[in-house]
Enquirer: 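To start, I am sharing the structure in question, which I have written as structure tokens.
Excluded from the calculations below are hydrogen atoms, water molecules and symmetry mates; all remaining heavy atoms, backbone and side chain alike, are included. Note on naming: letters A, B, ... go to the chains in the order of the sequence lines (proteins, then strands), and numbering restarts at 1 for each one.
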There are 2 protein chains.
Amino acid sequence: MQKAIQKRTLKTRARLISAAEDVIRNEGYEALRVEDVVQAAGVAKGTFFAHFRDKDALMEILMADTLNACLDQAEAGKPPGTVPEIIVALEPVHSFMTAERYVFDLLIRHSGAVAIAEIGPIAYFFERYFRVVMMWLDEAEVRKDVPSDLLAEGVQAFAIQAMSLKYCALHASTSFSDRLKVYLEAWLTPAR
Amino acid sequence: MQKAIQKRTLKTRARLISAAEDVIRNEGYEALRVEDVVQAAGVAKGTFFAHFRDKDALMEILMADTLNACLDQAEAGKPPGTVPEIIVALEPVHSFMTAERYVFDLLIRHSGAVAIAEIGPIAYFFERYFRVVMMWLDEAEVRKDVPSDLLAEGVQAFAIQAMSLKYCALHASTSFSDRLKVYLEAWLTPAR
DNA sequence: ATTAGATATTGACCGCGGTCAATTTTAGAC
DNA sequence: GTCTAAAATTGACCGCGGTCAATATCTAAT
């Protein structure tokens, strides 16, 4: 027995997403209110939750869209082979992630899926980020004493650390890119 | 003109904290409801918010207390000199951090202070964690090509990464300690 | 065209964190 | 003791995410 997915459903969903994008474009992610979205879309509140498990689920979809577009761009160019090149290639991704505190928090909260069945757009994106970086590192001028998947996990860890500290008054003196550069050089090309 | 802090204030605050601890002991952090706490403490809801900026502020105090006690313990023992010893020394801290998903999320959210004036108990704890690890690394058998404060920041980044992945179904096969060990060996004692 | 069962939508309602003007209590000055 | 200004407490109220039984709409079988 197959699902009979109605046209109406797609239309409503599209209007909700479009309305949400409008709000975000004008006021940012944090300011988004479900009531505003449904009003702009011309549907009842309950309809929203028939389409998205909760507010975060919609946020995940919208954010992952943007992030995946950034990664598309990064993958389209020539694979970076050095630390500075890697940082440049990932700059759009990191820039989006740190543009709004609310965004960063939500990304972290959803970066892992609790169950395989629940892998959301954000968890999937982080997996993709990891894979892309790993491919780059396979061919890059970096240490080869540990496997590149480990190196890629480290890049992710350091990127997140650098973003966290960007929001931290105790470490506000150094810029995100500078800090990440120091981290990645020490991680990927150790002098020992 | 100094503040005239009343005895009543201290008493009310103590009762709120004690009531909160009871709830947490019985039902965990996530289940805590402000209404339950004020009822158990026998005060009105508004009183709660006269004592704590918001619910998170109380959580911060309670969690930081526990975490600082763990660090006290870690500092009391002999300073660890190798990766396995460091992992053992930090085990109580990491164990608490990953015991409840809600706790981990809140810790991350408050790990940095937005403004110097707003350094909360959690941000302060992370600073202390960093300093303790740095001291250990100063005397430990680890790489010396980069300063120990950088190494300590890396330890923190990898610990958080390992905790995140613990909650991630995509990486659930490896245990937290095993993963952290792999990370820290690659970070602190690279073969190049 | 009719009908039936699945699917989508509705909006009143709930839970819970947080606010604030009004009220009560406190601690010092006299 | 009395008065007074500051500090603490109160609880009705609000905002907003999320629920669910009732209702409306669609689709396919006949």
Enquirer: Measure the CG-CD1 distance between B:Asp65 and B:Ile61 for me, rounded to the nearest 0.5 Å.
Expert: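 CD1 of B:Ile61 is found 8.0 Å from CG of B:Asp65.
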Enquirer: Is it the case that atom OH in B:Tyr124 sees more than 12 heavy atoms from other parts of the structure closer than 6.0 Å?
Expert: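 12 or below, so no.
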Enquirer: Would you indicate which nucleotide in C:dT9, C:dG17, D:dG17 comes nearest to any side-chain atom of A:Thr47?
Expert: C:dT9
Enquirer: Can you tell me how far C1' of C:dG18 sits from CG of B:Leu58, to the nearest Å?
Expert: 14 Å
Enquirer: Round to a whole Å and report the spacing from CD1 of A:Ile5 to P of D:dT27.
Expert: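 After rounding, the reported distance stands at 11 Å.
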Enquirer: Compare the minimum distances between each of C:dT9, C:dG18, D:dT9 and the side chain of B:Thr12, then state the nucleotide with the smallest one.
Expert: D:dT9
Enquirer: Do the ring planes of B:Phe158 and B:Trp187 sit parallel (below 30°), tilted (30 to 60°) or perpendicular (above 60°)?
Expert: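 Because their plane-to-plane angle lies in the 30° to 60° range, the rings of B:Phe158 and B:Trp187 count as tilted.
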Enquirer: Specify the separation, in whole Å, of atom NZ of A:Lys45 and atom C1' of D:dA22.
Expert: 18 Å
Enquirer: Pick the closest DNA chain C nucleotide for B:Lys7 and for B:Gly46 by heavy atoms, then say which residue is nearer the 5' end.
Expert: B:Gly46
Enquirer: For A:Arg15 and C:dA8, what is the distance between atoms CZ and P respectively, to the nearest whole Å?
Expert: 16 Å
Enquirer: Using atom CZ of A:Phe48 as one end and atom C1' of C:dA8 as the other, report the distance to the nearest whole Å.
Expert: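 Value for this atom pair: 16 Å.
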Enquirer: Give the rounded distance in Å between these two atoms: CZ of A:Arg8 and P of D:dT27.
Expert: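 After rounding, the gap between these two atoms is 8 Å.
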Enquirer: Of the nucleotides D:dA7, D:dG18, D:dT10, which has the atom closest to the A:Lys55 side chain?
Expert: D:dG18
Enquirer: One thing to verify: whether B:Lys181 and B:Asp178 come together as a salt bridge, which I'm taking to mean a side-chain N less than 4.0 angstrom from a carboxylate O.
Expert: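 Salt bridge: no.
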Enquirer: The side chain of B:His51 lies closest to which of these nucleotides: D:dC16, D:dG11, D:dT9?
Expert: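 Ranking D:dC16, D:dG11, D:dT9 by closest atom to the B:His51 side chain puts D:dT9 first.
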Enquirer: Tell me what A:Leu32 touches on the nucleic acid: a base, only sugar-phosphate, or nothing, going by heavy atoms under 4.0 Å.
Expert: sugar-phosphate
Enquirer: Checking contacts here: which listed nucleotide (D:dA8, C:dC16, D:dG18) is nearest the side-chain heavy atoms of B:Gln6?
Expert: D:dA8
Enquirer: Please report the distance, rounded to the nearest Å, between CD in A:Glu35 and C1' in C:dC13.
Expert: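 Going from A:Glu35 (CD) to C:dC13 (C1'), I get 12 Å.
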Enquirer: Drop me the distance from B:Glu60's CD to B:Leu67's CG, to the nearest 0.5 angstrom.
Expert: 11.0 Å
Enquirer: Indicate, with a heavy-atom threshold strictly under 4.0 Å, whether A:Thr9 touches base, sugar-phosphate, or nothing.
Expert: sugar-phosphate
Enquirer: Taking only the side-chain heavy atoms of B:Phe49 (C-beta and beyond), determine which of C:dC16, C:dG18, D:dT10 contains the nearest atom.
Expert: C:dG18
Enquirer: Please tell me which of the listed nucleotides, D:dT25, C:dT26, D:dG17, lies nearest to the side chain of A:Arg33?
Expert: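 It is D:dG17.
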Enquirer: Measure CD/A:Gln39 against C1'/D:dC16 and give the value in whole Å, please.
Expert: 14 Å
